[in-house]
S.K.: 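Please read through the structure below; I'll follow up with questions.
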Amino acid sequence: GLFDESAAVRSRAADGLLAAAPERAAQALGERLMAAAPEDLARAADVLPRLHERAAGLVGILADDGAPVGRMSQAALCAGRIHAAEAGEWLAKRAWAREATLARNAAWALATLADARWTKALDELTRHPLPEVRYEAMRGLSRIGGSEALRLLANAAVTPIEPELSLRRSAVYFIARANEPASIDALMSVLGRTTSVRGDTVHA
């Protein structure tokens, strides 16, 4: 029911899982999430965060160094959809995995959590070898917002910290998307330190 096309059915399914015995519901939910296709998880994004207290199984998979990479990758994707805040530490670690899909999914999930506790981890990921991971780290900093996160985004917009012009532009975009007073200071910081994205920054 969590993945039904009807929002009402998805909501009632979530109600049922919340009313069920916690351990039994957590086990059933974990098994179903681990077997779900990405499009099913996206469809259930409106109700999955309500079930974040049933995500212990996903955290256990992420914390298991012996788990298959594909299983960890799926767990990371699910942890992001369910907003499992307690998974943040392990998502930050798995974002540095050598396997690209796991790294991307973990970075996406960490960014989706938008939890200020992982600001430093996201800042470190702005220097990750994979540009897709750096992009997600920037997205996460923007979602967290506040002067510190936006300052770090400004750093990511300045060469040579971010070697790719398209990602420096993304950093500027994410600063603007935060749409708060600290965004102005961050954008002015970018203007004062580089000319490579000046037009984008002025537009922002």
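Hydrogens, waters and symmetry mates are skipped; everything else that's a heavy atom, side chains included, is used.
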S.K.: What are the two closest heavy atoms between Cys78 and Leu41, and how far apart are they?
M.R.: SG-CD1, 3.9 Å
S.K.: If you round to the nearest 0.5 Å, how far is OG of Ser147 from CG of Leu152?
M.R.: 9.5 Å
S.K.: Scan side-chain atoms only and decide if Asn105 and Arg94 contain a donor-acceptor pair under the 3.5 Å cut-off.
M.R.: no
S.K.: For Glu86 and Val59, indicate whether the former's side chain and the latter's backbone hold a donor-acceptor pair under 3.5 Å.
M.R.: no
S.K.: Hey, any chance Val133 and Leu122 share a hydrophobic cluster, counting ILVMFWY side chains that come within less than 4.5 Å of each other, even indirectly?
M.R.: yes
S.K.: Do other residues, nucleotides or ligands put more than 12 heavy atoms under 6.0 Å from Arg12 CZ?
M.R.: no
S.K.: Check the surroundings of atom CD in Glu39: do more than 12 heavy atoms from other residues, nucleotides or ligands lie under 6.0 Å from it?
M.R.: yes
S.K.: Quick check: is Leu130 connected to Leu102 through a chain of hydrophobic side chains (ILVMFWY, heavy atoms under 4.5 Å apart)?
M.R.: no
S.K.: Tell me whether Leu110 is reachable from Tyr135 by hopping between hydrophobic residues (I, L, V, M, F, W, Y) whose side-chain heavy atoms are closer than 4.5 Å.
M.R.: yes
S.K.: Does the His83 side chain pair with the main chain of His52, one donor and one acceptor, at a distance under 3.5 Å?
M.R.: no
S.K.: Is the number of heavy atoms from other residues, nucleotides or ligands under 6.0 Å of Glu164 CD greater than 12?
M.R.: yes
S.K.: What are the two closest non-hydrogen atoms of Leu62 and Ala76, and how far apart are they?
M.R.: CD2-N, 3.8 Å
S.K.: Does the side-chain contact (heavy atoms from CB on, under 4.5 Å) test come out yes or no for Glu132 and Trp108, once each step is laid out?
M.R.: CA-CA 9 Å; Glu132 303 96 325; Trp108 175 86; over 6 Å; no
S.K.: Identify the two heavy atoms, one from Arg143 and one from Ala111, that lie closest to each other, and give their separation to 0.1 Å.
M.R.: NE-O, 3.2 Å
S.K.: What is the minimum heavy-atom distance between Ala13 and Gly1, and which atoms define it?
M.R.: CB-C, 3.5 Å
S.K.: Are the side chains of Arg50 and Leu18 in touch, meaning some heavy atoms are under 4.5 Å apart?
M.R.: yes
S.K.: Is there a side-chain contact between Arg134 and Pro163, using heavy atoms and a 4.5 Å cut-off?
M.R.: yes
S.K.: So Met188 and Asp185, side-chain contact (heavy atoms from CB on, under 4.5 Å) or not? Walk me through it.
M.R.: CA-CA 5 Å; Met188 292 300 293; Asp185 291 335; 5.6 Å; no
S.K.: Flag the pair Asp123 and Arg127 as a salt bridge only when some basic side-chain nitrogen lies within less than 4.0 angstrom of an acidic carboxylate oxygen.
M.R.: yes
S.K.: Tell me whether Val197 shares a hydrophobic cluster with Leu191, the cluster being built from Ile, Leu, Val, Met, Phe, Trp, Tyr side chains joined at under 4.5 Å.
M.R.: no
S.K.: So does Arg117 pair up with Glu89, basic N to acidic O under 4.0 Å?
M.R.: no
S.K.: Between Arg139 and Thr112, is there a side-chain donor-acceptor contact under 3.5 Å, judged purely by atom types and distance?
M.R.: yes
S.K.: Mind checking the CG-OG1 spacing from Asn155 to Thr126? Nearest 0.5 Å is all I need.
M.R.: 8.0 Å
S.K.: Are Val172 and Ile184 linked, directly or through other ILVMFWY residues, by side chains that come within less than 4.5 angstrom of each other?
M.R.: no
S.K.: Output yes when a side-chain donor or acceptor of Glu180 lies under 3.5 Å from a complementary backbone atom of Ala182, and no otherwise.
M.R.: no
S.K.: With a 3.5 Å distance limit and no angle check, can you tell me whether Ser183 reaches the backbone of Ile175 through a side-chain donor-acceptor pair?
M.R.: yes
S.K.: Does atom CZ (Arg24) have a neighbourhood of more than 12 heavy atoms from anything else shown, all under 6.0 Å?
M.R.: no
S.K.: Less than 4.5 Å apart, any side-chain heavy atom of Leu141 and any of Phe174?
M.R.: no
S.K.: Does the Gln74 side chain pair with the main chain of Ala36, one donor and one acceptor, at a distance under 3.5 Å?
M.R.: yes
S.K.: Please give me the minimum heavy-atom distance between Ala79 and Leu113, naming the atom from each residue.
M.R.: O-CD2, 4.3 Å
S.K.: Do the side chain of Glu148 and the main chain of Ala116 share a donor and acceptor less than 3.5 angstrom apart?
M.R.: no
S.K.: Are any of the side-chain nitrogens in Asp64 or Arg71 under 4.0 Å away from the carboxylate oxygens of its partner?
M.R.: no
S.K.: Determine whether the side chains of Arg193 and Ser189 contain a donor N or O and an acceptor N or O closer than 3.5 Å.
M.R.: yes
S.K.: Which is it for Val190 and Thr194 under the side-chain contact (heavy atoms from CB on, under 4.5 Å) test, yes or no, and what are the steps along the way?
M.R.: CA-CA 6 Å; Val190 174; Thr194 184; 3.9 Å; yes
S.K.: Taking the side chain as every heavy atom from C-beta outward, state whether Leu125 and Trp118 have any pair of such atoms under 4.5 Å apart.
M.R.: no
S.K.: Any side-chain heavy-atom pair from Leu58 and Met34 closer than 4.5 angstrom?
M.R.: yes
S.K.: One thing to verify: whether Asp4 and Arg10 come together as a salt bridge, which I'm taking to mean a side-chain N less than 4.0 angstrom from a carboxylate O.
M.R.: no
S.K.: Are Ile82 and Leu29 close enough that some pair of their side-chain heavy atoms sits under 4.5 Å apart?
M.R.: yes
S.K.: Do Met138 and Leu153 have side chains that get closer than 4.5 Å, going by heavy atoms?
M.R.: yes
S.K.: If you round to the nearest 0.5 Å, how far is CZ of Arg81 from CG of Asp46?
M.R.: 10.5 Å
S.K.: Take Met72 and Ile61 through the test side-chain contact (heavy atoms from CB on, under 4.5 Å) and record every step on the way to the result.
M.R.: CA-CA 6 Å; Met72 274 197 277; Ile61 295 170; 4.3 Å; yes
S.K.: Could you pull out the closest heavy-atom pair between Ala107 and Ala95, with the gap in Å?
M.R.: N-CB, 4.0 Å
S.K.: Could you tell me whether Lys93 and Asp65 have a side-chain N and a carboxylate O separated by less than 4.0 Å?
M.R.: yes
S.K.: Is Leu17 close to Arg54 at the side-chain level, that is, under 4.5 Å between some pair of heavy atoms?
M.R.: no
